[in-house]
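A note on names: the letters A, B, ... follow the listed sequences, proteins ahead of strands, and every chain is numbered from 1.
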Amino acid sequence: MTLHTVNKSPFDRNSLESCLRLARPGHSVLLFEDGIYGALKGTRFEQLVTEAVKSNSIYVLLPDLEARGMRADKVIDGIKTVDYAGFVNLAAENTRVQAWL
Amino acid sequence: MTLHTVNKSPFDRNSLESCLRLARPGHSVLLFEDGIYGALKGTRFEQLVTEAVKSNSIYVLLPDLEARGMRADKVIDGIKTVDYAGFVNLAAENTRVQAWL
Amino acid sequence: MKFGILVNEGPYQHQSSDSAYMFTKAALENGHEIYRVFFYHDGVNNGTRLTVPPQDDRHIVNRWTELGKEHNLDLVVCIAAAQRRGLLDENEAKRQGKDANNIAEGFRISGLGQLIEAGIQSDRLVVFGD
Amino acid sequence: MKFGILVNEGPYQHQSSDSAYMFTKAALENGHEIYRVFFYHDGVNNGTRLTVPPQDDRHIVNRWTELGKEHNLDLVVCIAAAQRRGLLDENEAKRQGKDANNIAEGFRISGLGQLIEAGIQSDRLVVFGD
Amino acid sequence: MTENVTKKFLYVNRKAPYGTIYALESLEVVLIGAAFEQDVSVAFIDDGVYQLKKDQSTDGIGMKNFSPTYNALGDYEVTQIYVDKESLDERGLTADDLMNLVYEDEDDDYAEKSSISIVNRDELAKLMEQQDVVLSF
Amino acid sequence: MTENVTKKFLYVNRKAPYGTIYALESLEVVLIGAAFEQDVSVAFIDDGVYQLKKDQSTDGIGMKNFSPTYNALGDYEVTQIYVDKESLDERGLTADDLMNLVYEDEDDDYAEKSSISIVNRDELAKLMEQQDVVLSF
C-alpha cells in the first residue's frame, strides 16, 4: 500500500487531482501544508474528495489545518485528522510514500 | 490599458484562468516561461484561449516557445509572437503591467 | 521610459531571474532606462558571490553584476528578506556578529522602501516571480 | 524503522523545510531512526550559517543543527545543487577559489549518490518539496 | 526621500498563508509602503482570500501567526481592502469567515468602519484598471 | 559503497522544463543513480511529459538545452521510461512529438529498441505500486 502526500491547494495546483486519478483503491492520501484546503467542506472540490473517501483513506494534518484557521468540524466526513506523529505512523505502516509535488 | 503577464502552465496553476477572468476587454496578455503552453493548439485549454483572443490581444514569447520545442505554427490563430524587445514594447505601450504570479 | 524591476525568486530554481535579466537587457538595448532592480523573497539569493555554476551553464549572478557595471544599474537586495535567507554584506555581517559575508559585486542591501520608491519613480514596474 | 528524508526547498520561502523538520522530529520522538536528511535543489540553502531571522520567528537552520547534534543526524547538502546556489564549506571554497564559506555547523556537503544510498538503506524515503 | 508624487498602488495577493512566505512578506511591503502616503489598495483573490481567514493558530506548526498584523492595516491608513467574491464562493467562505478588519474614519467622528469590501468580478477588474502600480505576490 | 540490495526506484517527473530547474536536477539524479545498479524506472506525468518534447532550442533564453541528455539514459541502462497517455492527450501531444529515446538490447543481439512506453492510467498506477522508492520532482 502507498501513502500519497499532497501539500498544495487544489485551487492553485493540479497535484490533488493528479494524485486521486492515479492512487489505487485502498491507498491512503495525506493532505498537509496548503493541501489541507482539499479536505474542507463547501469548496468546489468537495465532491471530488467525497467520492475519493469511498475508495481511499484520506487524512489531513491537524496542525496545518489549525494554522489556516480551520477546524476538524469543517472537514469532509470520513477524512481523519492526524498530527505529525500520525503522519510518521502512516509513512511507516504503508509500503512506500509518494509525494505529489 | 493593462499588460497582463502569465508565466505558468495552465495545467499546473490557475493563473491563466484567473487572469482571463479578470482582464478587461481590450487588455493585452503575454504568455511566457511555462505560460507558453497556454498558447498552443490542441490542448485542453485551447477553447478558453481561443475565446479570449476575441476580446484580448494575446502574445507569446517566442524564445520561451522555442526552448520548449514548440514553433509558431503550433500557436492558436490570432496569438502573436514577440521576442524580449517586443515584451519591453508591450510593457511600455500599456499603462501598467500586472503579473499573475 | 523608466522601468523598475522586481525579482521574487532565486537563481537557477525558477526562470524568473533569467526572464528579469533578459527583459532588463532588452529594455536597455532599446533605449529605456532601468530605475532599479529590486530583489525580494528568495530573489535576494541572486546577490551571492559564492555560486559556482557548471561551466557550460550561464552564470546568473555574474551576469547581473556585469550588466549592472555596464549600465550603472541600482541592484538592491531587500534587507529583511536577505536576513532570513543568509545574504549579508560586510556591514550586516559585522552588525549581526557573523564571521563571513557573501554579497556579490554591484549589489547593495537596503530596505523595502526602495521597492516602493521604485514603484513611485518608475514609469512601469514589472514583476518576475513564481 | 529507518527513514530517509529529502528536502527540496530552502528555508522560509516554502513550508517544505518546516514540514520536513517536524516530521523528522516526530519520527525520532516515536522511536524511529533517521538514516539521513538530504538537501537538494534550493533545499541546500537550509545549510547556511548566515541567516538572521526575526527574533520572534523560528530559526530554521539552527533548529536543524540542534536536532542533528542531539540525534547524531547525517545532514547532507548536495554538492552540485550547492555550487549552483552558493553554499560552500571550507574545502569547497578553497577548491573554487572563493574567499568565504557559509555552511552551518552539523551539515556536510557530498554527492547525489548519498541520496540514492538513502533510498537503498532507508525503509522509507519521504520527500518534502514545492 | 522621493518627489512629491501620489500614485495608486495595488497589492495583489493570490496565495495561501504559511505554505509559502509570499503572504507574510507581501504584508511587510504593504506596511512599509504605508509610510509613503500613496493611494493604497490591497486585493485578495483566489487562495489569497485564505490569508484573511479568522482563527488562525500556528502553535502546531512552529511558525509565527502573522494574521493579527492584518488588524494593524487600519492604523496605517490602509483601509481599501478588496476581497474577490467568486474566490470566496468557490471555497465555501463568506464574510463571516474573515477577520474583521476596521479603521477609524477621521471624516466621520472617528467612527469604526470595515476596511473590507467584497467585490464581484467586474468591480475588481475596474479597480485593477485604475492603478498606477500593481505589485503581485 | 552500499550493501548488496536491489530496490525498485521510480523517478516521477510532473514539471515542465526550463520554467523551473526540477526537470534538469531530476535527470542528474537519474544519471547518478544509474551507477548503483538498482531497478530504475522513470515516469513522465502531467507537465512532466513536456520534458521529452523534441526540437527544444534554448538559444533565445540563454539557458542550456539539456534535452539531449535524455538520449544518454539508454547508455546508462535506464530503459524503462513511462509516459502517461492521458497527460499527452490533454496536451494534444502524441508519441511523434517526443524524442526517440532508445537502448541496445544485450539479450537481443544489441537490437535498438525504444525505451519509451506510453501507458494508461491503470498501467501507471500499477507501476507505481510496485516500487520500493518513489522520488518526486
Side chain to side chain contact (heavy atoms under 4.5 Å, CB included) between F:I21 and D:R84, worked out | CA-CA 11 Å; F:I21 203 175; D:R84 278 198 183 94; 3.7 Å; yes
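One finds the CD1 atom of D:I116 at 13.0 Å from the CD atom of F:E37 (value rounded to the nearest 0.5 Å).
Within a 6.0 Å radius of CD in D:E105, no more than 12 heavy atoms belonging to other residues, nucleotides or ligands are found.
Minimum heavy-atom separation, D:E117 to F:F36: N-CE2, 4.4 Å. Minimum heavy-atom separation, D:Y40 to F:E25: OH-O, 2.5 Å.
Taking the side chain as every heavy atom from C-beta outward, F:K7 and D:L125 never approach each other to under 4.5 Å.
Heavy atoms closer than 4.5 Å to chain F are found in both the backbone and the side chain of D:L112. With a 4.5 angstrom heavy-atom cutoff, F:L31 does not touch chain D via any of its atoms. With a threshold of 4.5 angstrom between heavy atoms, F:F9 approaches chain D through side-chain atoms but not through N, CA, C or O. Both the backbone and the side chain of D:D130 come within contact range of chain F, judged by heavy atoms closer than 4.5 Å.
The stretch residues 124-137 of chain F places F:V133, F:V134, F:L135, F:S136, F:F137 near chain D, each with some heavy atom under 4.5 Å from a heavy atom of that chain.
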